[in-house]
Amino acid sequence: MNHKSDLIHKFTERGYLHQATNLDGLDETATQQIVPTYIGFDCTADSLHVGSLLQIMMLRIVQKSGHKPIVLMGGGTTKVGDPSGKDTARPFLSDLEIEQNKQGIKKVFEKYLIFGDGPTDAVMVDNADWLDDLAYVRFLRDYGPHFSINRMMAMESVKLRLEREQPMSFLEFNYAILQAYDFLELRRRYGCLLQLGGSDQWGNIVSGIDLTRRVDSQEIFGLTSPLITTSSGVKMGKSADGAVWLNAEKLSPFHFWQFWRNTEDADVGRFLALFTELPMDEVNRLSALKGAKINEAKIILANEATTLCHGADAAREAMQTAQQTFVSGGGVSDGLPRTEVSTDEAYGMDMITALKKVGFAASNGEARRLIRGGGARLNDTQINNESKRLSPDDFIGDKIKISAGKKRHALLVLG
């Protein structure tokens with residue numbers, strides 16, 4: 001199908017479009033004016049992970065297509081907790097924890113969007129600015145009549161929790177109302193016309209559209225992206241080693257690069273379209289590679305995704321480190337993630353502590369299982385003895401290479 005606007009054309013061509021309300025109307029509007037567009041991100045951690053990268057890339061397309069991204073920080077809704085996809089309520093966070101998480105998340109968007117005062121410059125706002133001071137009875141009176149309990153009970157996020165017989169608090173049940181009110185408030189304050197989100201947000205997005213139509217008699221739009229899973233069924237954003245964070249303080253650029261380099265063959269073409277800005281002709285060429293040649297496409301995917309997130313220098317260093325570590329038959333590459341230890345601490349450190357020190361095990365038990373399973377290595381030599389202690393002879397200069405399996409490597413460096 002041909003679309004008039006660059007925005008909808010790119011969303012469709014690259015695979016971002018799952019559902020939309022009045023897609024033709026949105027397409028037409030995007031040809032006639034700047035479309036302020038928002039996505040909300042709750043502040044539950046001090047970084048976003050790859051599971052949020054699809055939405056970040058969509059905001060980047062919004063800006064590159066001549067429209068205005070609005071990044072909504074959920075300083076208010078984080079205190080409530082989105083029940084979508086959850087079996088239990090979120091733990092309560094203090095105002096200080098929420099603020100610290102918000103500051104960490106901000107760093108991610110500065111890499112992908114241009115912020116400023118121009119008509120298509122991105123803005124970052126916090127829904128705590130209007131949610132924290134709501135008068136409860138007045139809010140219920142003004143907006144409660146526009147929400148049907150029957151419809152809210154049928155929303156996917158609520159229905160699934162109840163079907164699994166998992167309790168849902170009244171606090172969480174209110175989340176959809178607050179998100180709907182966010183959309184109304186953003187339209188009033190910033191002229192916002194479009195909300196983007198994952199497919200699990202469809203019910204919440206439609207609620208905001210209905211509320212705005214009922215209260216302000218204004219048409220606004222919603223568009224969702226598909227749920228991204230790997231071809232083996234794993235939800236995007238998770239790996240065997242945990243969350244794939246977007247902040248370098250949470251996950252090194254090297255490990256971020258490796259995540260993309262290890263993409264399953266069947267996913268390479270799709271991920272090139274979604275997570276890079278390569279022209280679609282090049283995406284299609286790379287997607288058609290077979291056998292060992294698909295590794296060329298995986299390296300390009302890793303380079304492009306890492307460049308967007310961490311910069312070209314970090315991507316180049318990660319690739320060089322990978323080549324030295326994996327292609328050249330091992331060795332100790334200075335580009336690997338580093339953990340400094342004192343000489344007194346290092347000499348005599350047991351292998352279990354070393355694995356925990358570099359982040360390859362969260363507990364003694366997990367480290368022991370790694371050793372017993374044959375996955376622990378010291379300078380590329382398998383360690384089977386749980387009592388093994390590091391000695392000066394193990395160090396190559398001032399560093400020692402610790403590995404967990406064939407793909408996770410880090411350095412202990414004498415400081």
Side-chain angles (χ1 to χ4, degrees), residues 5 7-8 11 19-42 55 58-59 62-63 65-77 79-80 82 84 117 119-155 157-158 173-198 201-224:
S5 68
L7 177 67
I8 303 303
F11 278 170
Q19 287 176 292
T21 63
N22 189 5
L23 183 62
D24 290 340
L26 173 59
D27 189 30
E28 182 67 32
T29 301
T31 66
Q32 297 175 353
Q33 66 178 91
I34 292 172
V35 177
T37 302
Y38 102 90
I39 303 180
F41 300 87
D42 280 347
Q55 277 69 52
M58 290 177 80
L59 283 179
V62 165
Q63 188 165 56
S65 299
H67 302 283
K68 187 177 187 70
I70 301 172
V71 181
L72 179 66
M73 291 287 98
T77 43
K79 299 169 186 174
V80 175
D82 184 0
S84 301
D117 299 324
T120 63
D121 287 343
V123 295
M124 182 174 285
V125 297
D126 189 339
N127 61 16
D129 292 347
W130 53 84
L131 294 182
D132 279 3
D133 296 325
L134 284 178
Y136 184 61
V137 174
R138 183 182 302 163
F139 181 77
L140 288 180
R141 182 195 64 195
D142 291 346
Y143 302 106
H146 301 295
F147 291 89
S148 161
I149 291 294
N150 308 65
R151 182 172 176 177
M152 292 178 69
M153 293 288 287
M155 290 175 65
S157 58
V158 176
F173 190 65
N174 274 272
Y175 190 92
I177 297 177
L178 296 181
Q179 184 170 326
Y181 182 70
D182 280 345
F183 205 172
L184 174 71
E185 196 68 30
L186 287 169
R187 194 209 66 79
R188 290 172 171 176
R189 293 182 181 221
Y190 300 96
C192 185
L193 294 177
L194 173 63
Q195 181 181 357
L196 305 177
Q201 294 298 312
W202 179 251
N204 293 340
I205 292 173
V206 171
S207 293
I209 291 170
D210 287 346
L211 179 65
T212 301
R213 177 179 52 81
R214 292 169 183 268
V215 174
D216 286 353
S217 300
Q218 294 286 328
E219 183 180 17
I220 52 180
F221 305 94
L223 187 150
T224 63

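These numbers come from a predicted model, not from an experiment.
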_Between Ser65 (side chain only) and His67 (backbone N and O only), is there a donor and an acceptor less than 3.5 Å apart?_
no
_Using modelled atom types and a 3.5 Å cut-off, is there a donor and acceptor pairing between side-chain atoms of Asn127 and backbone atoms of Gly75?_
yes
*If only atom types and distance count, is the side chain of Thr21 paired as donor or acceptor with the main-chain N or O of Gly222 below 3.5 Å?*
yes
_Nearest-0.5 Å distance, CD1 of residue Ile8 to CG of residue Leu26_ = 4.0 Å
*Sub-3.5 Å donor-acceptor pair from the side chain of Glu219 to the main-chain atoms of Arg213, do we have one?*
no
*Any side-chain heavy-atom pair of Met58 and Leu223 under 4.5 Å*: yes
*Testing Thr31, Thr29, Asp27 for side chain to side chain donor-acceptor pair (under 3.5 Å) with Ser5, which one passes?*
Asp27
*Rounded to the nearest 0.5 Å, what separation is found between the CD1 atom of Ile70 and the CZ atom of Arg187?*
11.5 Å
*When you look at Glu185 and Leu72, which way does the side-chain contact (heavy atoms from CB on, under 4.5 Å) test go after all the steps?*
CA-CA 11 Å; Glu185 196 68 30; Leu72 179 66; over 6 Å; no
_Measuring centre to centre across the rings, with the benzene-like ring taken for any Trp, is Tyr181 within less than 6.0 Å of Phe139?_
yes
*In Å, rounded to the nearest 0.5 Å, how long is the span from CH2 of Trp130 to CG of Leu178?*
11.5 Å
*Given side-chain contact (heavy atoms from CB on, under 4.5 Å), test Gln19 with Val206 step by step and report yes or no.*
CA-CA 11 Å; Gln19 287 176 292; Val206 171; over 6 Å; no
*Do Gln195 and Gln201 have side-chain atoms, one donor and one acceptor, less than 3.5 Å apart?*
no
